[in-house]
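Inspection log for the structure reproduced underneath, given as structure tokens.
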Number of protein chains: 2
Amino acid sequence: MSKLRLTITMSLDGYVAGPRQSEEHPLGEGAMALHEWFFPLKAFREMHGEQGGEINASSEVVEERRANIGATIMGRNMFGPIRGPWPDESWRGWWGEDPPYHHPVFVLTHHERRPLEMQGGTTFHFVTDGIESALRQAKAAAQGRDVWLAGGASAANQYLAAGLVDEVDLSIAPVILGAGERLFEGLARDSLKLEQVRAVDAPGVTHIKYRVA
Amino acid sequence: MSKLRLTITMSLDGYVAGPRQSEEHPLGEGAMALHEWFFPLKAFREMHGEQGGEINASSEVVEERRANIGATIMGRNMFGPIRGPWPDESWRGWWGEDPPYHHPVFVLTHHERRPLEMQGGTTFHFVTDGIESALRQAKAAAQGRDVWLAGGASAANQYLAAGLVDEVDLSIAPVILGAGERLFEGLARDSLKLEQVRAVDAPGVTHIKYRVA
């Protein structure tokens, strides 16, 4: 069975993005600090065509997270800084011409746009008819493999509230953001039955995986 | 050097207590679920004079947290459900006549009250002149040992914001509370420099210890 797997990094005070997202601050102000555990890794450097980098307890987690993923879903704010209707087709994501997905990516938006085919197997599909439609399309595209729910907070919280997430793999960074976009916001008490699968103590971060019952 | 050590259990959505605390719901509604990892432990049962119980990965963490503690600080809501001036001296805490502290406990309150000596070495002192005074008194009482900051959220957040906490040992429970008292609320971005010391994967909970730089 193809699963929907939310993988996301959160601050200790619950934020997955900072305030005032912009082209200059894709993750909002201050939120690059969330990912400091990731940047030194060999896995990160390889994604960007660079040599070297560390292998530590996070490396296996990153590998596990990437395994068996056939499609990705993300919110529109994760795709870019533009709000409202697309002015044209010039915005092509944050990741350059060869994005690190290499599979179909479904972007949740209220505004229609033609699919955007990039290099390396990534095609961005813009889904305007809701999260369930995006999940159906992503699962079909994944051909039996799992679907990665990449964020941001709003997309994650909508899928969590709808009971559509099968697995939450959370990286908790030792960072206080003080403001921004909160994960788990708006969920009612006990609306998710979570079972802890494993926790990994890695340099500068803790990775906790939960199964949603 | 005597340290101030915050030890507290938090839900995945950041709450350390539920809403509507009362005599019936000391931790607020739903928040007993935060502590489900603790109740089956031998260490918990022993605290209540009972036999048996589990020893698992949490046991060593609980032991480490209790070691070298000479005094405790808590907020007034953690001591009891009464708000405003004390009507009389009949409320003697949630823990019966032999509370599980066995050392001086400093209760932050705006309302004066005489010290309350219980059995087993626990005396509750009511501190009305602020968090710094409570910390000075607790450190003096601890005689070189550490001071445990037990909560709740408001007391913890005041000490964190004032930069007075040396160590944060957080238990993260796989629970969504949806409402209540949030830890780390009101802290500005980067107001705490936290360094992850260790994370422990235990049944139904993850324990993460941070040093405050």
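Residue numbering restarts at 1 for every chain, and letters A, B, ... go by the order of the sequence lines.
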Determine the minimum heavy-atom distance between A:I172 and B:Y210, stating which atoms define it. CG2-OH, 4.0 Å
Against chain A, work out which of B:P203, B:A199, B:G204, B:S191 has the most heavy-atom pairs shorter than 4.5 Å and name it. B:A199
Go through B:E185, B:M10, B:E29 and name the one with the most non-hydrogen pairs under 4.5 angstrom from chain A. B:E29
Taking the side chain as every heavy atom from C-beta outward, state whether A:D201 and B:Q196 have any pair of such atoms under 4.5 Å apart. yes
At a heavy-atom separation under 4.5 Å, does A:A179 approach chain B through its side chain, its backbone, both, or neither? neither
Counting only heavy atoms closer than 4.5 Å, note whether B:I208 contacts chain A via side chain, backbone, both or neither. side chain
For each of B:E195, B:R182, B:R198, tally heavy-atom pairs with chain A at distances under 4.5 Å, and name the one with the top tally. B:R182
Could you walk me through whether B:T206 and A:T206 pass side-chain contact (heavy atoms from CB on, under 4.5 Å), step by step? CA-CA 9 Å; B:T206 300; A:T206 300; 4.0 Å; yes
Roughly how far, to the nearest 0.5 Å, is CZ of A:R189 from CG of B:D13? 11.5 Å
Closest approach of B:F184 to A:L12 (non-hydrogen atoms, all atoms of both residues): CD1-O, 3.5 Å
Roughly how far, to the nearest 0.5 Å, is CG of A:D190 from CG of B:L177? 7.5 Å
Would you mind telling me which of A:G14, A:A173, A:G178, A:A33 has the largest number of heavy-atom pairs within less than 4.5 Å of chain B? A:G178
Would you find more than 12 non-hydrogen atoms of other residues, nucleotides or ligands less than 6.0 Å from A:E63 atom CD? no
How about NE2 on B:H111, more than 12 heavy atoms from neighbouring residues, nucleotides or ligands closer than 6.0 Å, or not? yes
Worked check of side-chain contact (heavy atoms from CB on, under 4.5 Å) between B:I176 and A:L194: CA-CA 9 Å; B:I176 299 291; A:L194 296 155; 4.2 Å; yes
Is it the backbone or the side chain of B:A202 that comes under 4.5 Å from a heavy atom of chain A, or both, or neither? backbone
For atom CD of B:E50, decide whether the heavy atoms of other residues, nucleotides or ligands shown that lie under 6.0 angstrom number more than 12. yes
